[in-house]
Amino acid sequence: MKRAVVLLSGGLDSATVLAWMRREGYACHALSFSYGQRHGVELTRAAELAKSLGAVEHKVAEIDLRAFGGSALTADIAVPKDRDDSSIAHGVPITYVPARNTIFLSFALAYAETIGSSDIAIGVNAIDYSGYPDCRPEFIAAFERLANLATAAATEEGARLKIHTPLQELSKAGIVKLALELGVPVARTISCYDPTPAGGPCGRCDACSLRRRGFAEAGAVDG
Ligand code: ZN
């Protein structure tokens, strides 16, 4: 069975990517990060989802991005709440973590080369790339080119690394439908940027707003 590294955050999108890669027939090695994020609950959920969705392995890499801060997710900066759709749709939000996907994909590349895999999957999508530069298709294509220059597997063995982005063209409603079709336990995923101390969603951040609208547009119930 071909192996793939799947970036898994504990959110709806990455859980859906894991389920999709399993359906594609990959043995999935899930990779999460303890990067100093304000919400540790996502790592608990990631471990749970890796297990329930049939990952063969789940690793958590420790990389503390609080050394730099610069984001509402890694520094003492308030997470924006109650923003309307046009505010969410414009500009790079303060929840952007500097260079996060470049860092995450670099770790995924090292993991993939170590286990002899040429496939990495990440849950970037059309909603995110309006605001996050490292979710754009151009970024993913450029990283794939870099990956194929970066490793001994590529230069010595001719391995061709592919980055899978099955959600790239989907709206949030499209992702919700796909998740349900693939049997993702959506109630166990956490999208919120600022969960309550008990680990529940705040209901008011951009991620909660987008998720709520996605479920509504998909005609589905969250939870
Ligand atoms: Zn929230």
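Counting convention: from 1, in listed order, for ligands and their atoms alike.
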Check whether any side-chain N or O of [X] sits under 3.5 Å from a backbone N or O of [Y] as a donor-acceptor pair, and report yes or no.
{"X": "Glu48", "Y": "Arg188", "answer": "no"}
{"X": "Arg3", "Y": "Ile115", "answer": "yes"}
{"X": "Arg23", "Y": "Leu182", "answer": "no"}

Please indicate how many protein N/O/S atoms are found closer than 2.8 Å to the Zn ion (ligand 1), with waters neither displayed nor included. 4
Only counting residues at least two apart or in another chain, list the ones meeting ring pair (Phe, Tyr, Trp, His ring centres under 6.0 Å) with Tyr26. His164
Does one side chain, of Arg211 or Thr189, offer a donor that lies under 3.5 Å from an acceptor on the other? yes
Should the ring pair Tyr132 and Tyr96 be called parallel, tilted or perpendicular, given that the plane angle runs from 0 to 90° and is split at 30 and 60? tilted
